Amino acid sequence: MENHHLKEHLYKILVIGDLGVGKTSIIKRYVHQNFSPNYRATIGVDFALKVLSLDQETVRLQLWDIAGQERFGNMTRVYYREAMGAFIVFDVTRPSTFEAVTKWKEDLDAKLSLSNGKHVAAVLLANKCDQGRDVLTNNGIKMEQFCQENGFVGWFETSAKENINIDEAAHCLVKHIIANENDPLQSEDADTISPQQESSRGGTCSACFRS
Ligand SMILES: Nc1nc2c(ncn2[C@@H]2O[C@H](COP(=O)(O)OP(=O)(O)OP(=O)(O)O)[C@@H](O)[C@H]2O)c(=O)[nH]1
Ligand SMILES: [Mg+2]
């Protein structure tokens, strides 16, 4: 019998979105299991490493916490280089941060693509869901449709404060990155988003239920 090969993966993941939406807090919760209510704007970029073990494999996520104040600036091209996936974050209490999501996604796709020309996997995070879900309900936004139209592989309502859906969102992103790696020629159609109920806390993606 052949031994199991323990594969190791290192993935660079970008965390982008407007000022104060909670990018640093999400990473802090995910990596260090804590939360602070105080806001200190990130300057430039910060880094964090999260090590996961997934199906016999070690996955190292190098998280690039990019300051919201970089807003589609020239430095983002440098920061985006060789990333394999991205979280785009907005704040459910501030509609303007949701409006900026399409701009962040366009900026990302304009500056970065995989070697096969596909866009990197991107997951949308509706953060601060502990504060309500006004942005999601007031505007009648159909999130699944929004994700399909804008090329997100999934979306989640998250809370860094209450630790909601952050592990799930990361798992979704990693599954998509691995799927892209293993099957570089797979068609975009494979990544359709499954329907979900209005009451559910965040959509997800077919790949998350694979294997
Ligand atoms: N209630 C609540 N507050 C949050 C949550 N996530 C972040 N915050 C607060 O929102 C503020 C901004 O959070 P940060 O994580 O610093 O935001 P950021 O996106 O990193 O901001 P920049 O570095 O300026 O781009 C802080 O006061 C956080 O405590 C959350 O899930 N719920
Ligand atoms: Mg920050």
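Quick caveat, the model's predicted, so the values are computed rather than measured. Order of listing sets the numbers, starting from 1, for every ligand and every atom in it.
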Under a 4.0 Å heavy-atom limit, does [X] contact ligand 1 with its side chain, its backbone, both, or neither?
| X | result |
| --- | --- |
| Asp130 | side chain |
| Ala67 | backbone |
| Asn127 | side chain |
| Gln131 | side chain |

Margin query: Given the ring of Phe72, does Lys103 sit roughly above its face, with NZ or CZ under 6.0 Å from the centre of the six-membered ring and within 45° of the axis?
Written below: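 That pair does not qualify as a cation-pi contact.
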Check: Looking at Phe146 versus Phe98, is the centre-to-centre ring distance below 6.0 Å?
Finding: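 Yes, close enough.
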Test your reading of the structure: does [X] have an N or O sitting under 3.5 Å from an N or O of ligand 1?
| X | value |
| --- | --- |
| Gly22 | yes |
| Thr158 | no |
| Ile66 | no |
| Leu19 | no |

Note to self: Within the supplied structure, the quantity of interest is the number of heavy atoms (other residues, nucleotides, ligands) at a distance under 6.0 Å from Asn74 CG; does it exceed 12?
What the structure shows: no
Item checked: Main-chain N/O of Asp18 paired with Thr97 side-chain donor or acceptor, under 3.5 Å -> no
Check: Is there a donor-acceptor pair closer than 3.5 Å between any side-chain N or O of Asp55 and the backbone N or O of Glu57?
Finding: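 No, Asp55 side chain to Glu57 backbone: no donor-acceptor pair under 3.5 Å.
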Check: Starting from atom 24 (O) of ligand 1, which protein heavy atom do you reach first, and at what distance in Å?
Finding: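 The answer is Tyr39 OH, 2.5 Å.
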Note to self: Could you identify the single nearest non-hydrogen protein atom to atom 5 (C) of ligand 1 and state the distance to 0.1 Å?
What the structure shows: Lys128 CG, 3.6 Å
Please could you name the atoms of ligand 1 that [X] approaches to less than 4.0 Å, counting only its heavy atoms?
| X | value |
| --- | --- |
| Ala160 | 6 (N), 30 (C), 31 (O) |
| Asn38 | 26 (C), 27 (O) |
| Ala41 | 23 (O), 24 (O) |
| Ser159 | 31 (O) |
| Ser36 | 28 (C), 29 (O) |

Note to self: Can you give me the closest heavy-atom contact between Arg81 and Lys12, atom names plus distance?
What the structure shows: O-NZ, 2.6 Å
Notebook entry, point to check: Do you see a donor-acceptor pair shorter than 3.5 Å between the side chains of Lys111 and Thr76?
Noted result: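 A pair is found: one side chain offers a donor N or O, the other an acceptor, under 3.5 Å apart.
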Next item on the list: May I ask you to check whether Thr42 brings an N, O or S atom to under 2.8 Å from the Mg ion (ligand 2)?
Entry: yes
Next item on the list: Check each of His119, Lys118, Lys175 against Asn180 using the side-chain hydrogen bond (donor to acceptor under 3.5 Å, both in side chains) test, and report the only one that passes.
Entry: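 Of all the options given, the one that passes is Lys118.
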Item checked: Minimum non-hydrogen distance to atom 15 (O) of ligand 1, winning option of Pro37, Ser25, Gly17, Cys129 -> Ser25
